[in-house]
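Order of appearance sets the numbers: ligands from 1, and atoms from 1 within every ligand. One-based numbering along the sequence shown. Just so you know, these numbers use all the heavy atoms, side chains as well, and skip hydrogens, waters and symmetry mates.
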Amino acid sequence: MIVYLTKGDITEIEADAIVNAANSFLEHGGGVAYAIVRKGGKEIQEESREYVRKHGPLKTGEVAVTSAGKLKAKYIIHAVGPRYGIEGEEKLEEAIRNSLRKAEELKVKSIALPAISTGIYGYPYEVCARKMAKVLKENWNLDKIIVCLYTNDAYEVFKRIFKEEG
Ligand code: AR6
């Protein structure tokens, strides 16, 4: 398994599955979620609403899957991260682990993840980077994991923490 750190827009990445930083209601109004729907098409939002109608809102740390619309990926894995100061960082670890578990279940080989909870939800990049480093070290049956950072700052912090954490 190879882990890549990359800088840029996650909707441009070629991977079988793309993880979205979602909220419990899968209403993709801002941040990376909005970028995914804008580029992938409104079917992603419609499938998301259908999921919530059927199963109810997701708990923090949980994931749901939709198609990826017009994006190159096969699936979007919507992961609900915690809100800083309200929900603990163990939920961030859960959201990351559940995303990778779901990717294995879907039998995909490559997955791209954003820095969940570090935008609108307010978590420091460093906390997210440490949680990612920890979870990625577990034994995953995936060929390629791409961690996609949107800002220079995020990229530099992740690079430093990934080096520290080996
Ligand atoms: N590609 C990669 N990363 C991105 C992109 C992009 N196109 N756009 C933003 N980021 P956020 P959250 C980074 O706010 O904090 C939404 O409204 C961004 O710089 O997308 O988990 C949802 O619907 C940050 O580092 O997610 C929820 O209501 C990271 O992605 C809520 O925001 C996550 O920022 C979730 O908040």
Asker: What is the nearest protein non-hydrogen atom to atom 7 (N) of ligand 1, stated with its residue, atom name and distance?
Answerer: Asp9 OD1, 2.9 Å
Asker: Under 3.5 Å between any N/O of Ser117 and any N/O of ligand 1: does that happen in this structure?
Answerer: yes
Asker: Decide whether an N or O pair under 3.5 Å exists between Ile10 and ligand 1.
Answerer: yes
Asker: Under 3.5 Å between some N or O of ligand 1 and some N or O of His28?
Answerer: no
Asker: Under 4.0 Å from a heavy atom of Gly30: give me the atoms of ligand 1 that qualify, with their elements.
Answerer: 16 (C), 17 (O)
Asker: Just jot down the ligand 1 atoms closer than 4.0 angstrom to any heavy atom of Glu27, in number order.
Answerer: 23 (O)
Asker: Can you confirm, on distance only, whether ligand 1 has an N/O atom lying under 3.5 Å from any N/O atom belonging to Thr151?
Answerer: no
Asker: Decide whether an N or O pair under 3.5 Å exists between Ile120 and ligand 1.
Answerer: yes
Asker: Can a non-hydrogen atom of Gly81 be found less than 4.0 Å from any atom of ligand 1?
Answerer: no
Asker: In the hydrophobic cluster built from side-chain contacts under 4.5 Å, what are the other members alongside Phe25?
Answerer: none
Asker: Applying side-chain contact (heavy atoms from CB on, under 4.5 Å), name anything that partners Lys137, two or more places apart in sequence or on another chain.
Answerer: Glu165
Asker: List ligand 1 atoms under 4.0 Å from Gly31, heavy atoms only on the residue side.
Answerer: 20 (O)
Asker: For Tyr125, state whether at least one heavy atom is located under 4.0 Å from any atom of ligand 1.
Answerer: yes
